[in-house]
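The analysis underlying the following values was restricted to heavy atoms, covering all of them including side chains, and did not include hydrogens, waters or symmetry mates. Keep in mind that this is a model prediction, so the values were computed, not measured. Quick note on labels: first sequence line is chain A, next is B, and so on, each numbered from 1.
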There are 2 protein chains.
Amino acid sequence: MADVERAISALADPTRRTVFERLIDGPQSVGALARGLPVSRPAVSQHLQVLKSAGLVADRAEGARRVYRIDPAGLGAIRAWLDRFWTQALDAYQAEIDSKEEN
Amino acid sequence: MADVERAISALADPTRRTVFERLIDGPQSVGALARGLPVSRPAVSQHLQVLKSAGLVADRAEGARRVYRIDPAGLGAIRAWLDRFWTQALDAYQAEIDSKEEN
DNA sequence: ACTTACGGTAAGTCATGGCTGACGTAGAGC
DNA sequence: GCTCTACGTCAGCCATGACTTACCGTAAGT
């Protein structure tokens with residue numbers, strides 16, 4: 001649950017969301033990611049740490065470079081949480097409509 | 001898409017998430033919500049404005065009181081966005097695994 | 001009309017966090 | 001071993017936003 005919390009707030013930042021979306025095209029090194037973004041390389045590195053601690057990405061050392069890839073775990077956690085939430089909200093919504101129609 | 005962006009960042013705040021979750025139990029007035037939270041009533045009011053502009057809640061005037069309820073629109077937007085994202089991520093993930101096994 | 005309850009708004013404070021530049025470290029090539 | 005590239009980390013800056021108090025309009029009850 002706290003895992004989900006961090007995943008959500010991680011994806012709340014626009015830059016971080018962009019970094020994450022770029023990784024969908026395939027694993028990338030930090031420098032490669034930073035080159036396509038309007039922020040410095042340290043900024044990208046920090047964003048990747050946040051994404052990593054949220055279970056959204058994983059990293060693998062490849063020589064001097066560090067390649068990041070998407071980790072399905074974090075996204076799956078959000079999805080599960082959202083699904084449960086979604087059904088609850090819909091149920092409550094429908095129940096509210098029904099109770100109004102009974103008048 | 002920008003709608004989704006606001007919905008996500010809206011749910012990123014813990015207090016706001018709590019407010020939203022409380023509304024699942026049924027529509028609530030601002031005062032009722034504030035009474036169960038460690039923050040002041042204006043704070044809750046401001047959070048509700050954010051949730052409203054994100055399409056996550058809707059309000060209805062009921063005499064002097066203002067009752068807020070969950071609006072499925074915002075949650076549905078996040079869900080749709082996340083689903084598309086989810087399949088893309090999984091595809092990319094699987095494709096990456098396959099390309100590694102070909103060595 | 002007066003009062004009381006409810007809630008949105010304004011102004012101001014303070015903490016969080018995103019960003020940069022500087023620095024230190026590890027690997028690869030000559 | 002020297003150099004160059006690639007990253008992570010640290011310190012500090014600054015904007016964003018969450019929160020509070022004070023205030024104002026509005027609706028209902030007496």
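In this entry the distance linking CG of Leu48(A) with P of dG8(D) reads 7 Å, nearest Å. The interatomic distance linking Arg66(A) (CZ) with dG8(D) (C1') rounds to 8 Å, in whole Å.
Using a 4.0 Å cut-off on heavy atoms, none of the residues of residues 24-33 of chain B approach DNA chain D.
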Pairs of donor and acceptor atoms involving the side chains of residues 24-36 of chain B, under 3.5 Å and at least two apart or interchain, shall be tabulated with distances.
residue  : atom : partner  : partner atom : Å
Ser29(B) : OG   : Ala32(B) : N            : 3.2

Run the side-chain donor-acceptor check on residues 46-53 of chain B: report pairs under 3.5 Å with partners two or more places apart or on a different chain.
residue  : atom : partner  : partner atom : Å
Gln49(B) : NE2  : Tyr68(B) : OH           : 3.3
Lys52(B) : NZ   : Asp59(B) : OD1          : 3.3
Lys52(B) : NZ   : Asp59(B) : OD2          : 3.2
Ser53(B) : OG   : Val50(B) : O            : 3.0

- request: Produce a footprint string for nucleotides 23-30 of chain D: one letter per nucleotide, 5' end first; B if the base is under 4.0 Å from any protein heavy atom, S if only the sugar-phosphate is, - if neither.
  value: ----SS--
- request: Going 5' to 3' through nucleotides 11-19 of chain D, assign each nucleotide B (protein heavy atom under 4.0 Å from a base atom), S (under 4.0 Å only from sugar-phosphate atoms) or - (no protein heavy atom that close).
  value: -------SB
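Remark: Ala43(A) engages Val39(A), Ser40(A) in a side chain to side chain contact (heavy atoms under 4.5 Å, CB included) (not counting sequence neighbours). Legend: residues meeting side chain to side chain contact (heavy atoms under 4.5 Å, CB included) with Ala12(A), ordered by chain and number and at least two apart, are Ile8(B), Ser9(B), Ala12(B). Looking at residues two or more places apart in sequence or on another chain, you find no salt bridge (Lys or Arg N to Asp or Glu O under 4.0 Å) involving Arg69(A). Every residue two or more places apart in sequence or in another chain that forms a salt bridge (Lys or Arg N to Asp or Glu O under 4.0 Å) with Arg17(A) is listed here: Glu5(B). Partners of Arg79(A) by salt bridge (Lys or Arg N to Asp or Glu O under 4.0 Å), not counting sequence neighbours, listed by chain and number: Asp83(B). When the side chain to side chain donor-acceptor pair (under 3.5 Å) test is applied to Asp71(B), no partner is found at least two apart in sequence or on another chain.
Residue Trp81(A) comes nearest to Leu11(B) through the heavy atom pair CH2-CD1, 4.3 Å, listed as atom of the first residue, atom of the second, then distance. Here the closest non-hydrogen pair linking Ala10(B) and Ala54(B) is CB-CB, 4.1 Å.
Residues Ile70(A) and Leu56(A) have side chains not in contact (no heavy-atom distance under 4.5 Å, counting atoms from C-beta outward). For the pair Ile78(B) and Trp86(A), the minimum side-chain heavy-atom distance is 4.5 Å or more.
Interface limits on DNA chain C: the 5'-most and 3'-most nucleotides within less than 4.0 Å of chain A heavy atoms are dG18(C) to dA28(C).
Looking only at distances, a side-chain donor or acceptor of Thr18(B) sits under 3.5 Å from a matching main-chain atom of Pro14(B).
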